[in-house]
Structures are given as C-alpha cells and as structure tokens.
4 protein chains.
Amino acid sequence: MKIMLELDKKARILAAAMEIFGERPYHAVKMEEIAERASVGKGTVYGYFSGKDELFREMIHESFEVYFREALAAVSEQGTAKDQLRRLFHYHLYFIEKHASAARILAGERRLPNPEIEVAKERYANMKGFLSQLLSKGISNGEFREIDVQIVSEIFLGTFTSLWAAVIFNELPLAESESVVDKILDLYLNGLSKS
Amino acid sequence: MKIMLELDKKARILAAAMEIFGERPYHAVKMEEIAERASVGKGTVYGYFSGKDELFREMIHESFEVYFREALAAVSEQGTAKDQLRRLFHYHLYFIEKHASAARILAGERRLPNPEIEVAKERYANMKGFLSQLLSKGISNGEFREIDVQIVSEIFLGTFTSLWAAVIFNELPLAESESVVDKILDLYLNGLSKS
Amino acid sequence: MKIMLELDKKARILAAAMEIFGERPYHAVKMEEIAERASVGKGTVYGYFSGKDELFREMIHESFEVYFREALAAVSEQGTAKDQLRRLFHYHLYFIEKHASAARILAGERRLPNPEIEVAKERYANMKGFLSQLLSKGISNGEFREIDVQIVSEIFLGTFTSLWAAVIFNELPLAESESVVDKILDLYLNGLSKS
Amino acid sequence: MKIMLELDKKARILAAAMEIFGERPYHAVKMEEIAERASVGKGTVYGYFSGKDELFREMIHESFEVYFREALAAVSEQGTAKDQLRRLFHYHLYFIEKHASAARILAGERRLPNPEIEVAKERYANMKGFLSQLLSKGISNGEFREIDVQIVSEIFLGTFTSLWAAVIFNELPLAESESVVDKILDLYLNGLSKS
DNA sequence: GATGAATGAGTCTTCATTCAT
DNA sequence: CATGAATGAAGACTCATTCAT
C-alpha cells in the first residue's frame, strides 16, 4: 500500500484493480472497492477509465504487456534453443511469484469481454510466433527433430497456462518449481517412450 | 429445442444453463433468460435450484460428470497404455464436438465460486489419478520410461484444457483434430530432442 | 391515494408521476418517489416504463390526450361558432380544476425531450386545426369578419396557455374564471378600438 | 466567440450559460460545459456565482432586465396608445431575433427555481403595469373602449409569450413577423365579430 | 485570482429472488 | 406444482462543488 501511494493515480488504480480482480471474479468486484484500495475517490476512477469494462480491459492488457515483454527479455537471443526454452519455462514460474495477481487473472479469465479477446489473441499469437521461431531454430541447428512447430508451440503455451493453474489453484508449491520445470523439460525433450 | 422439451424440467434447465453460460460469463447471464430458453417459468428454476450459484455449480458438476464418465469408458481397460492414451486424447476432442457448451464452460470458467472449486478439484484429482495409473502401468510394462508420473499427468491435463481452448477460442479447426492428436502423441511419446 | 389504489399499476404510476412532475421540475424528481407515491416497488416502475424519460414522455402524452379528447367533446358540433368558442374557453379553465397537475405540466414544460416535442407539435397542430375550422365556420356563416384564421388560432392557443400560467403561477383565482372568460371573449369578439 | 473574449469573465459566463440553457433544459446542462463555452476554468464559475442555481437565476434575471429595459425604451412616451402598442409588439419580435437564447429561456422555463420565480413575477407585474397604463391612457383619450384593463394586459402578455413559443418552437418564420404583428393588432383592435 | 483534478453524495437502473394466484 | 408480476438490495455512474497549486 505504501508503495502504491508512490505511483501516479492511474497506475494505482490499475494495481488495485489487478489485486482485486485477482481475488474475485468480475461480477463480484465493486468499483468502489477498487477506488478504496487505490486510495482515490470513486469518481476518480471514472476520470481515468470510462467504466468497469474498460478498466478491466486495460488491466488485462497491462498484464499481458508485462508478461510478454519480460518473457522475451528473459529468453534473449543467446544460447542453444534448449537453453532458451529452459529460461522461458523458468521465467514463467518466476512471473507467478512476481506478479501473482496478474498470473491469476491471465490464467483464470479465459472468457474475456469481446474487444479485449482480440488483443489477447494477438498477444497469444506473438508468443506463439516466438516459440515457433525458437523451435525452428532448434530444428535447423540439429537440436530438435522435425516436429510440427505450430502444434508444439501450442502445447507449450498450454503447458504454461496449466502450470499457472496448477500453482494458483491446486497449490502446487512454488518451491518445487525448479525441479518441476526440469522434469517437464525432460518430458518434452526426451519423450515418454522407452527408447 | 424440440428435443429439450422431451426432457424433464430439471434437465431442460440445466441444458439451457449450459448453453447460455457457454455463451457469456456468469455475470452476463440472467436467470430469466435461462428460464426462457428452458421454456419454464422463472419461478420454476427456483423449484429445482436454490439460486443462480447453485444452478451454476450443478451445471459444472454435470459437465464434469459426463466428461469423466465417458472418458473412462472410452479408455476402458484394454490395450497397451499407449493405445489407452491415444483413445483418451481422441475422446477429448470428440467431447468438444458432442458437448460444445460444456467444453466451453470447463475450459473457460477457471474462477469458480468457492464451494464448487472443491468439487472441481476433486474431479480433477480423479482424472489425474486415472492418468497416473495409466502412466504407471505403461512404465511397469516397459512401454514408458521412468518419468515423474505426477508431473506428466498434470501436463496431460493441461494439454487437454489447452486443446479445448485452442479449438474453442482460437478456432483450431476440429476437422484437423485427428492428425493433431497424432502429432501431440508423437511429441509426448518421442520427445523433442534429436536422439 | 385511496382512489389511486383502485387503478391498475401502470395508471397508478402515471398518476403519481403527474402529481410529482407537477410539483417539481424533471431533474428534481426521483424515480423512487414516484414509485412510493404509486405504492409500488421501484423496480415495478421499470416494468412499465423503460426509464425516467419514457415515463415522463408517456405522462405528457397522456395529459395531451385527455385534454384534447375532452376539449373536442366539450365543444361538440352544435350551436353557433361563438357558442362553441365560449364552451372551449370554459372547458379550458375547467381542465385546470379537474386536472391541476396535468395543466401545470402542459403549461410549464415547454422544453420537452426531443422525440416527445414532435408529439406535442402534432397535438398542437390538431388543436389549431380544430380552432381554424371553427373560425372558418364562423366566417362563412357571417358570425366573424374575415380575419387570418391561422394567426387567430395561434393567438387563441397562446391565450389558453397563458390563462393556465396566470391561474397556476400568478394565482389568478379560479373562482373569477367565469367572468374572466367572458371578458376575454368580449375582447376577442369586439376588439379594443372604440368603434 | 471572439466577441465573448472581450467581455469580462462574469459576462462571458452569463453569455455562455444563456446559450447553453437556451439549447437544453436545466438538468441537461453541465457546469463544465458552461465553463468551457466561456473559456474559463470550472472553478472560476464558482468565483462569480455560488452555484448552478444562482447562475441560472442571474441569467434569467439578466434576460428579463434586458427585455424590459429595451421594451420600455422602444415604446417611449410618444404617440397614440395604438402606436405604442404597435411598437411594443414589434419590439417583441425584434427581441427574438436579437436575443434568441434569452427568448428561448424566457419562453420555455416557466418552472423556475423558487426564489427566482418571485423576481420573475415582479418583472411580469412591472410589464403588466406598463401595459395597463398604456391601455388606461388609450381609454381616457378615447382610442379604446372600456375594457377590463387587467385582463387585457394579461392577454397581451400571454400573446407575447405565445408569439415566442410559436416562433421558437413551431418555427413560424420571423420574416413574416411584420404582417403577423399587423394582423394580431387588427384582431385586438377590431375584434372578431362582424360588426 | 484562476484552474481543473479529485471527490462522493445522490440517482438511475438491474436482476436475483419471492410469493400470491 | 408452475408461474411471472412485483420487489428492493445492490451497484454503476454522474456531476456539482471543493481546494491545492
């Protein structure tokens, strides 16, 4: 809360919205509550956002933004495709620690208000594009075998989302995440079959 | 709709709720609409369900029920673990075709009202248990190598959910599902690495 | 109030709205107050009218309706044009006694919400048409001299409205209305000039 | 607008209020809009007026002031009573052209906030007094016959208001006003009856 | 003074739920 | 039992007014 007071009003409101939408679903969240948590007046919220919907949308947008920016940065260009993949998986779990509410919202709110779903898809597509590139690179340099890059990207994104859900809703202890990521990578890299 | 009129009232209401909750999120669904779609009076809904929450809960419960019952049946006991796994993946996509609304709801409504989340977790655990068994069996009979059964089960469930989401929200054409499932299985069985 | 309870709900709400909009201008009237005065729940009002605006509109519409229907009936077809004119003036003042709130609203609320202003104009035109006919008849049968029927109709309508305003806002005692009407008619019939 | 910028702030605000209250009813006018139209800050309005009500009141007051001052001047003392009456009618229509918003407001806003209604009544009484004098003068010098001076004054004021309304709301073309005034005077002076 | 960002009291409106028929 | 008219608690949103700069 003290930290929040240092942000400007709009950021405070978004942060408050994130916290609260992270706790309860859309319809159970009151604008007044968000205003209170942000330590601003109810009317102030409407000075920055045209209504509940737009606030929600912008908040999702923000979360995506942060996630994708940091994820790309985390992976960087260096190292083998495997290494990059590993870093991506790790960042993913790190994001949950760092931005718990955002993770909760991104993992939970699949059914988005219509205009935002487009933005979500676009971001999703970006991320998938990045994964595809990474996999293609791995294939060309001989690290990976010839798999359907589109499908595998999809699976990876799915795994990411599920990991969040597992951590957030099933309370998979974050502490174990290191070894979990390794095991997941092992599965994906080496497969399930005996030989 | 004609078919619905042959069901008893409670089933009609659940079916209507499924359709509509499949279209829009919880807070955008009106009890009146459900009653209309079910061709019953608004008050009648309250004869069968104590309120909107319970109706929602029961509807989720139903969806899970159907899914898990049919999934288990589809897999049966026979065949290799691989075959069973394959049948499970196929059933999963079949479910989307057969019960589109249910799939939409199960995939989309992660943020459940609190008491229901417990039921969801239980079902989820059941399913995971079944997958674990299947994997363990595959390991003992030499089909699979020694992987962390818990983690891999988790990943599989995640892949299931993501497949739904991909089909439902990103409009992955269902027609391609056969080959997609094969590619997914290939990834999981043989891994990503070259050798 | 007791009388109102015998009316059906919609009529009760309209009557309550008439009373209250008759007391205070649009923006100072609360929907809740109307509901209370009509002895119905706040939500009930919205069952009959889509909102405050529509309620206001319908209420104006009603008032016009009553006024014009009764005015035409009062004048009827019989008698000389002068007699009919006299009856119309008298009815006009009678309306204030019988429908005080309606008169107050019709006299006071010139600035109507846009769609309703059209209805108002139409009614106004109807009334003017009726007066024109009456004057024309008086001209043809030699009662009146050749005046501009349009203008004089307009003036008469204006006089009507002003009479209301005088009674309602300046508190011209209704008791004197009989003789006032006679004096007005005298002015209009015989003019101001000496000979 | 350029002209407005030359006025002092208070006059600018009043002028802006007049324009906007002339367009829409009280409750649909926002203080912010008035401030913008006057090219001053929202807070500045409160430096000159204690609130929306007072601003509205002063604006009405202003309009009355202008109207009555100019009307009296236009009529002056000279000429026959008939001539003065003629000049008054003509001034009236001139006022509509010159001060359209003011006319609109004076014609439309019958339902005034309570304290102001007193001022309005006072002004109205002044005007009526003037008309009465004029009529009395006409009677004493033999121009007019013996009519009830009070009633006829009232009727004339009513006609004025109605003329406004006719021009403003029914879109009676102002161009025709000259001949219209003549016809009105003809009616009032010579009456409706044949002989 | 002048400003406009911030405020929150005040309202409209919705919709889950009830209950008389 | 079934119904849907009626209800009012709950909440989104507006806008007159204030006050720190």
Side-chain angles (χ1 to χ4, degrees), chain A residues 8-10 12-13 26-36 38-56, chain B residues 8-10 12-13 26-36 38-56, chain C residues 8-10 12-13 26-36 38-56, chain D residues 8-10 12-13 26-36 38-56:
Chain A
D8 76 340
K9 291 246 166 64
K10 184 168 184 182
R12 288 225 307 275
I13 293 166
Y26 187 89
H27 78 279
V29 171
K30 283 186 281 184
M31 291 300 267
E32 187 160 19
E33 201 184 353
I34 294 173
E36 266 167 27
S39 306
V40 299
K42 212 187 327 165
T44 305
V45 177
Y46 288 86
Y48 292 100
F49 305 92
S50 72
K52 194 180 182 180
D53 262 33
E54 196 193 291
L55 171 54
F56 186 75
Chain B
D8 75 337
K9 292 235 170 72
K10 183 167 184 181
R12 288 222 308 274
I13 294 166
Y26 186 88
H27 78 277
V29 171
K30 287 189 269 188
M31 290 300 266
E32 185 159 20
E33 204 184 350
I34 294 173
E36 266 167 28
S39 306
V40 299
K42 216 183 328 167
T44 306
V45 176
Y46 288 84
Y48 292 100
F49 305 91
S50 73
K52 190 181 184 180
D53 264 33
E54 195 194 291
L55 170 55
F56 187 75
Chain C
D8 76 340
K9 291 245 166 66
K10 184 169 185 181
R12 289 225 306 276
I13 294 167
Y26 187 89
H27 78 279
V29 170
K30 283 186 281 184
M31 290 301 265
E32 186 160 20
E33 202 183 352
I34 294 172
E36 266 166 27
S39 306
V40 299
K42 212 182 331 162
T44 306
V45 177
Y46 287 86
Y48 291 100
F49 305 92
S50 73
K52 192 180 183 181
D53 262 34
E54 196 194 290
L55 171 55
F56 187 73
Chain D
D8 76 337
K9 291 236 170 72
K10 183 168 185 181
R12 289 224 307 274
I13 293 167
Y26 186 87
H27 80 278
V29 170
K30 286 187 271 185
M31 291 299 266
E32 185 158 21
E33 204 183 352
I34 294 173
E36 265 168 28
S39 304
V40 300
K42 216 184 326 170
T44 306
V45 177
Y46 288 84
Y48 293 100
F49 305 92
S50 74
K52 190 181 183 182
D53 265 32
E54 195 194 291
L55 171 55
F56 187 75

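We name chains A, B, ... by the order of the sequence lines, and we start the count at 1 in each one. Being a predicted model, the structure only gives us computed values, none of them experimental.
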Point to revise | Nearest heavy atoms of Lys9(C) and Tyr48(C), plus distance in Å | key: CB-OH, 3.5 Å
**Study point:** Aromatic ring pairing His27(B)/His27(A), orientation class (parallel under 30°, perpendicular over 60°, tilted between)
**Key:** parallel
Exercise for review: With the side chain of Lys52(A) defined as its heavy atoms from C-beta on, choose the nearest nucleotide among dC15(E), dC13(F), dT11(E).
Suggested key: dC13(F)
Review point. Between CD1 of Ile34(B) and CZ of Phe56(B), what distance do you get to the nearest 0.5 Å?
Key: 10.0 Å
Review point. Starting at NE2 of His27(A) and ending at P of dT14(E), how long is that distance when rounded to a whole Å?
Key: 18 Å
Check your understanding: Which part of the nucleic acid, if any, lies within reach of Val45(A) when heavy atoms closer than 4.0 Å are counted: base, sugar-phosphate only, or nothing?
Key -> nothing
Study note, to complete from the structure: Rounded to the nearest 0.5 Å, the NZ atom of Lys42(A) sits from the OG1 atom of Thr44(A) at a distance of 11.0 Å
Point to revise | Intra- and inter-strand pairs of DNA chain F in dot-bracket (Watson-Crick or G-U wobble, both distances under 3.5 Å; | for another strand) | key: .||||||||||||||||||||
Review point. What is the distance, rounded to the nearest whole Å, between atom CD1 of Ile13(C) and atom P of dT7(F)?
Key: 9 Å
Protein and nucleotides 19-21 of chain E: nitrogen or oxygen contacts under 3.5 angstrom:
none

Check your understanding: Quick one: OH on Tyr26(D) to NZ on Lys52(D), what's the gap to the nearest 0.5 Å?
Key -> 5.0 Å
Check your understanding: Out of curiosity, Leu55(A) CG to Lys10(A) NZ, how far, rounded to the nearest 0.5 Å?
Key -> 10.0 Å
Check your understanding: At under 4.0 Å, does any side-chain N or O of Lys9(D) touch on OP1 or OP2 of dA2(E)?
Key -> yes
Check your understanding: What integer distance in Å separates Glu33(C):CD from dG8(F):P?
Key -> 17 Å
Revision key, fill the gap. Taken to the nearest whole Å, OH/Tyr26(C) to C1'/dT11(E) is 11 Å
Exercise for review: Starting at atom OH of Tyr48(D), determine the distance to atom P of dT17(F), rounded to an integer number of angstrom.
Suggested key: 18 Å
Exercise for review: Nearest-nucleotide wise, let me know which of Glu32(C) and Thr44(A) is further upstream toward the 5' end of DNA chain E.
Suggested key: Thr44(A)
Practice item. Enter the distance from Ile13(B):CD1 to Tyr46(B):OH here, rounded to the nearest 0.5 Å. Key: 11.0 Å
Practice item. Determine the contact category for Gly47(B): base if any of its heavy atoms lies under 4.0 Å from a base atom, sugar-phosphate if only primed atoms, P, OP1 or OP2 are that close, otherwise nothing. Key: nothing
Point to revise | Value in whole Å for how far the P atom of dA12(F) lies from CD of Glu54(A) | key: 15 Å
Check your understanding: DNA chain E: Ser50(C) or Lys42(A), which has the more 5' nearest nucleotide?
Key -> Lys42(A)
Exercise for review: Check the distance between dC12(E)'s P and Leu55(C)'s CG and give it to me in whole angstrom.
Suggested key: 11 Å
Review point. Given atom CE of Met31(D) and atom P of dC15(F), what is their separation to the nearest angstrom?
Key: 13 Å
Check your understanding: Of the nucleotides dT3(F), dC12(E), dC15(E), which has the atom closest to the Val40(B) side chain?
Key -> dT3(F)
